[in-house]
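Note that the numbering runs from 1 along the sequence shown for the chain.
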Amino acid sequence: MTTKRLKLLALPALVWLGALFVLPLLMIAALSFLKRGTYGQIVYQGTLDNYTRIIDPLYGDIFLDTLAISVLTTFLALVCGYPLAYHISRMRRSAQKIWLLLVMIPFWINFLVRSYAWVIILRSQGVINTVLQSLGLIDEPLPLLYNSGSVLLGMVYTLLPFMVLPIYVSLEQMDRRKLEAAYDLGATPWKAFWHVTLPLSKTGVVTGSILVFVSSIGMFVVPDVMGGAKSALIGNVIQNQFLSARDWPFGSALSIVLMLLSMLLIFLYYRATKAAGPKEGAA
């Protein structure tokens with residue numbers, strides 16, 4: 001197939017991305033340099049005030065909290081997702097299909113409905129506290145909801161498939177002969193995993209980590225539903241600027257800064273994993 005035909009095949013995707021991603025992004029970038037009127041209208045006058053406001057320590061603390069929650073979510077998703085993906089990749093083909101279906105089933109349910117389901121489970125009169133009190137294990141309900149722990153739980157639960165699926169693909173495509181060679185050379189199961197399996201699945205780990213991190217750093221539904229007023233992340237602040245405060249220019253500036261910060265952290269993470277990853281075949 002010629003290069004010209006390949007470009008024609010890519011044209012619909014490029015038009016789609018241009019219309020629904022690049023153009024809105026440019027509009028948000030332009031909006032971030034405008035002013036907000038007295039009644040929330042946009043005043044077409046250039047200004048940098050929206051970016052200087054972000055220097056306020058209040059927003060700095062929110063950015064740090066968001067970054068901490070996102071990194072911890074990514075780490076926990078990796079810790080939970082890698083063993084699950086490894087387990088699925090070692091099954092028979094028929095069993096793999098069933099387990100992959102179970103991983104994908106939550107996507108069939110509305111995201112907001114899943115978040116409120118956790119509220120029913122974790123609230124003071126929810127399933128967990130009711131069971132524990134009926135068994136006599138606690139005298140009063142545990143504070144399981146509307147805190148950072150519940151937000152972290154909800155985000156890991158929501159984003160776990162984004163970690164499992166890329167890692168599973170990498171493990172499934174792995175050349176098993178290299179693992180057999182490591183065992184023939186006297187490698188222990190741990191050394192074979194560290195020097196063979198992990199390097200060969202590094203692409204899936206990096207891809208899954210980026211997907212989870214990018215999704216979590218801009219998340220606002222889970223913190224809003226499961227965290228309440230005690231867990232306001234930067235996504236909630238941006239949502240508030242667009243929907244409640246009607247300060248679209250400042251919300252746009254926060255969005256641009258968040259996007260640039262995400263890109264920088266992803267670049268640093270990719271460089272770090274590329275430089276510090278275990279060398280393939282070192283067993």
So, do Phe21 and Leu25 sit near enough that their side-chain heavy atoms are less than 4.5 Å apart?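 Yes, their side chains come closer than 4.5 Å.
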Check: Ile88 and Val103 side chains under 4.5 Å, non-hydrogen atoms: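 When only atoms from C-beta onward are counted, Ile88 and Val103 do touch, with a gap below 4.5 Å.
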Closer than 3.5 angstrom, by distance alone: can the side chain of [X] be matched with the main-chain N or O of [Y] as a donor-acceptor pair?
{"X": "Thr66", "Y": "Ile234", "result": "yes"}
{"X": "Thr207", "Y": "Gly204", "result": "no"}
{"X": "Gln41", "Y": "Tyr39", "result": "yes"}
{"X": "Gln125", "Y": "Thr130", "result": "no"}
{"X": "Ser150", "Y": "Asn147", "result": "yes"}
{"X": "Asp247", "Y": "Gln241", "result": "no"}

With side chain to side chain contact (heavy atoms under 4.5 Å, CB included) as the test, would you mind laying out the steps for Phe250 and Arg36 before giving the verdict? CA-CA 8 Å; Phe250 183 57; Arg36 174 189 182 274; over 6 Å; no
Give the C-alpha distance, both sets of side-chain angles, the deciding distance and a yes or no for side chain to side chain contact (heavy atoms under 4.5 Å, CB included) between Phe63 and Val257. CA-CA 10 Å; Phe63 268 107; Val257 171; 3.9 Å; yes
When clusters are formed by joining ILVMFWY residues with side-chain heavy atoms under 4.5 Å apart, either directly or through shared neighbours, do [X] and [Y] land in the same one?
{"X": "Leu265", "Y": "Leu64", "answer": "no"}
{"X": "Ile210", "Y": "Leu264", "answer": "no"}
{"X": "Met263", "Y": "Ile217", "answer": "yes"}
{"X": "Val113", "Y": "Leu153", "answer": "no"}

Look at the aromatic rings of Trp248 and Phe242 and report parallel, tilted or perpendicular, splitting at 30° and 60°.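 The arrangement is tilted - the two ring planes meet at 30° to 60°.
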Quick one: sort the Tyr86 and Phe193 rings into parallel, tilted or perpendicular, breaks at 30° and 60°.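 Rings of Tyr86 and Phe193: perpendicular, as their planes differ by over 60°.
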With side chain to side chain contact (heavy atoms under 4.5 Å, CB included) as the criterion, how do Phe220 and Leu233 come out once you've worked through the C-alpha distance, each side chain's angles and the decisive distance to 0.1 Å? CA-CA 7 Å; Phe220 65 91; Leu233 303 183; over 6 Å; no
According to the salt bridge (Lys or Arg N to Asp or Glu O under 4.0 Å) rule, which pairs have a member within residues 93-106, sequence neighbours left out?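 Non-adjacent pairs meeting salt bridge (Lys or Arg N to Asp or Glu O under 4.0 Å): Arg93-Glu172.
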Intermediate values then yes/no, side chain to side chain contact (heavy atoms under 4.5 Å, CB included), Met91 and Ile98: CA-CA 10 Å; Met91 292 180 172; Ile98 297 175; over 6 Å; no
Please confirm whether Phe162 and Phe107 have ring centers closer than 6.0 angstrom.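 Yes; Phe107 has its ring centre under 6.0 Å from that of Phe162.
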